[in-house]
Amino acid sequence: MSDETQSSLDSIWQSEDQIFANKELLDIEHIPDEERIIGRDDEISNVANSIHPAIQGGKPRNTLIYGKTGTGKSLVAKHVTQSAERFAQKEGTHLNRAYIDCTQTTTETQVVIKLARSFNDPKKTDISVPLSGLSTNAYYDRLWRILDELHDVVIIILDEIDKLQENNVLMQLSRAGEAGKLESCKVGIVAISNKITFKDSLDERVLSSLQEREFIFPPYDANQLREIMRHREDAFQEDVLSNEVIPLAAAFAAQEHGDARKALDILRNAGELAKDDGSDQVLEEHVRDAREQADIDRFSKLLQDQPTQSKAAVYALSSLADGLKEEEFSTREIYEQYEQLTKTLDIDALSQRRMADRLNEQVFLDILGITDRVGRGRGKGMTNFYYLLEDPEVVQSAIKSDQRFSDVKI
DNA sequence: AATCCACAGGAAGTCTCGGTTA
DNA sequence: TAACCGAGACTTCCTGTGGATT
C-alpha cells in the first residue's frame with residue numbers, strides 16, 4: 001500500500017462520527033436500565049407478581065403476555081426475570097431462567113435441546129446434551145435430570161410462541177410436575193405472543209394451565225414513544241438532533257400501532273441518511289425520507305434473503321404484474337410463468353403443490369398479499385390469488401441483485 | 001337439483017444430510 | 001462400524017369445497 005493511500009485512509013480512521021456517539025442504544029435488543037423502561041410500570045409489577053412465588057422456591061404462575069410488536073413484551077419479561085434471578089440468589093434459591101425465541105427455534109426437539117443446554121452445567125451434572133442425534137424422548141429425559149439436579153425453580157420465556165410449530169412441548173413443560181417427570185424442580189412459563197388467535201390452536205389442558213395469568217400490553221402512545229427516544233438520545237452526538245426530529249418520528253411510529261421498534265428504526269435511519277448527506281444535524285427531511293426508505297429497504301432485504309426457488313416464484317408473479325401493480329393472479333397462472341422462468345434460468349422446476357407453498361411462505365413474510373378462497377371465473381371453487389405488496393420494479397430490482405437473475409428479461 | 005370442475009391444502013412417503021451412540 | 005435420530009425439502013395421492021354448468 002502506498003503512502004498516499006495510507007494517509008487518505010488515516011483521515012477516515014481518524015474522523016469522528018459526526019452524528020452517532022453510541023449507536024447501540026438504538027438497538028431494540030438493548031436492555032435499558034430500569035428507569036429507562038417507559039410507561040410499562042403496571043405491566044412490570046403485574047408480571048413480577050405472577051412469578052413472585054419463585055423467589056422462595058415455589059411454583060411461579062404461568063403467564064401469557066399479548067401485545068403488538070414493539071410494545072415492550074420481551075423487554076419486560078427479560079427485565080423482570082433477570083431481576084427475580086438476582087433477588088432469589090440473595091435468598092439462597094437456585095432460580096434460573098431461559099429465553100427462547102420461537103422464530104428461531106420452531107420445533108419441539110429444538111426447544112428441548114436449547115433448554116437443556118442452557119440449564120445444564122456439564123461440570124456439575126456430568127450430562128452432555130448434543131446438538132442432534134438423539135430421540136426427542138432422550139432429550140426430555142436429560143432435561144428433567146438436569147433440572148432436578150441443579151435448580152429449585154426455572155422460568156422459561158417463550159417469545160413469539162405462536163411461531164412454534166408443535167405445542168406438545170408446552171404440554172410437557174406445563175405438566176412436568178404433575179406427570180411425575182420432575183421431583184423437586186418447579187417450572188414456570190412466560191409465553192409471549194402478538195396474536196390472540198394463537199389460543200385457538202392449543203389443547204384445552206395446556207391452555208388452562210398456561211393461562212393462570214394473562215396480560216395485554218397496550219401500544220405506546222406518541223408521548224411515550226417520544227420519551228422512549230429521549231432516553232436513548234445519548235446514541236447521538238450532542239446537539240445533532242434538531243427539535244422536530246423526535247416528535248416527528250414518534251408521530252410516524254404512533255400511526256403504525258405504537259411500535260417502539262419502528263420508532264427507533266426510523267431514528268437510526270434518519271441518522272444514517274444525515275451522515276450520508278454530510279450533514280452535521282439530523283433534520284426533519286431525514287426523518288421523512290427514513291420512513292419511506294425503511295419500508296423499501298426492509299422489503300428488499302427480506303426478498304434478497306429468500307432462496308432461489310422463492311425468488312423465482314415471486315419474480316414470475318412480478319413479470320405477470322409488470323406495469324399493472326397490485327393485480328392479482330391465480331396459482332396456476334403464476335405456475336405457468338414460473339415454469340417458463342425456470343427454463344430460461346436453467347433450474348429445476350418444483351411441482352405446483354410445492355410452489356404454492358413457497359408463495360404462501362412469502363405471504364407470511366409480508367412480501368406478497370393474498371385474496372383467498374374467492375371463487376371466480378368459470379367452474380372454479382376456491383382459488384388463491386396473489387399480488388405484490390410493492391411495485392414490480394422494486395421487486396424485480398431486488399431479485400436481480402442475485403446474479404442468477406441478472407440476465408432475465410421476461 | 002345434480003353434477004362437474006379445478007383448485008387448496010392435509011397426509012403420507014421418500015431422500016438426503018449432519019449428527020450420536022453402543 | 002452399523003444402526004438410529006430429527007429436520008427439511010420434495011413428491012404423489014387424496015379429500016373437500018362451492019360456484020358454474022347442465
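Letters A, B, ... mirror the listed sequences (proteins, then strands); counts begin at 1.
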Student: Should the pair A:R40 and A:Y220 be classed as cation-pi, given the thresholds of under 6.0 Å to the six-membered ring centre and 45° from the axis?
Tutor: yes
Student: Looking at C:dC10, I'd like to know if its phosphate oxygens (OP1 or OP2) sit under 4.0 Å from a side-chain N or O belonging to A:R354.
Tutor: yes
Student: Specify the separation, in whole Å, of atom CG of A:N384 and atom C1' of C:dG19.
Tutor: 16 Å
Student: Nearest-Å distance, CD1 (A:I127) to C1' (B:dT20)?
Tutor: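 Distance, rounded to whole Å: 16 Å.
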Student: Could you check how far CZ of A:R142 sits from C1' of B:dT21, rounded to whole Å?
Tutor: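 After rounding, the gap between these two atoms is 9 Å.
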Student: Can you measure A:E108 atom CD to C:dG8 atom C1' for me and round it to whole angstrom units?
Tutor: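 It is 17 Å, rounded to the nearest whole Å.
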Student: Should A:T109 be listed as having a side-chain N or O under 4.0 Å from OP1 or OP2 of C:dA7?
Tutor: yes
Student: Among C:dA7, C:dT11, B:dT21, find the nucleotide with the atom closest to the side chain of A:P130.
Tutor: B:dT21
Student: Is the shortest distance from a Lys or Arg side-chain nitrogen in A:R261 or A:D265 to a carboxylate oxygen in the other one below 4.0 Å?
Tutor: no
Student: Can you identify which nucleotide, out of B:dT21, C:dT11, B:dA8, has its nearest atom closest to the A:L134 side chain?
Tutor: B:dT21
Student: Go through C:dT12, B:dC7, C:dC10 for me and flag the one nearest to the A:R353 side chain.
Tutor: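 Nearest to the side-chain atoms of A:R353, counting from C-beta on, is C:dT12.
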Student: Of the listed nucleotides (C:dA7, B:dG9, C:dG6), which one gets closest to any side-chain atom of A:T107?
Tutor: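 Side chain of A:T107 sits closest to C:dA7.
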Student: Whole angstrom is fine here: how far is it from CG in A:L350 over to C1' in C:dG8?
Tutor: 14 Å
Student: Given atom CD of A:Q104 and atom P of C:dA7, what is their separation to the nearest angstrom?
Tutor: 16 Å
Student: Taking the six-membered ring for Trp, are A:Y66 and A:F215 closer than 6.0 Å centroid to centroid?
Tutor: no
Student: Atom CG of A:D357 and atom P of B:dA8: how far apart are they, to the nearest Å?
Tutor: 11 Å
Student: Measure the distance from CD1 on A:I334 to P on B:dA8 and round it to the nearest whole Å.
Tutor: 10 Å
Student: Looking only at side-chain N and O atoms, does A:T308 offer a donor or acceptor that is under 3.5 Å from a partner on A:D402?
Tutor: no
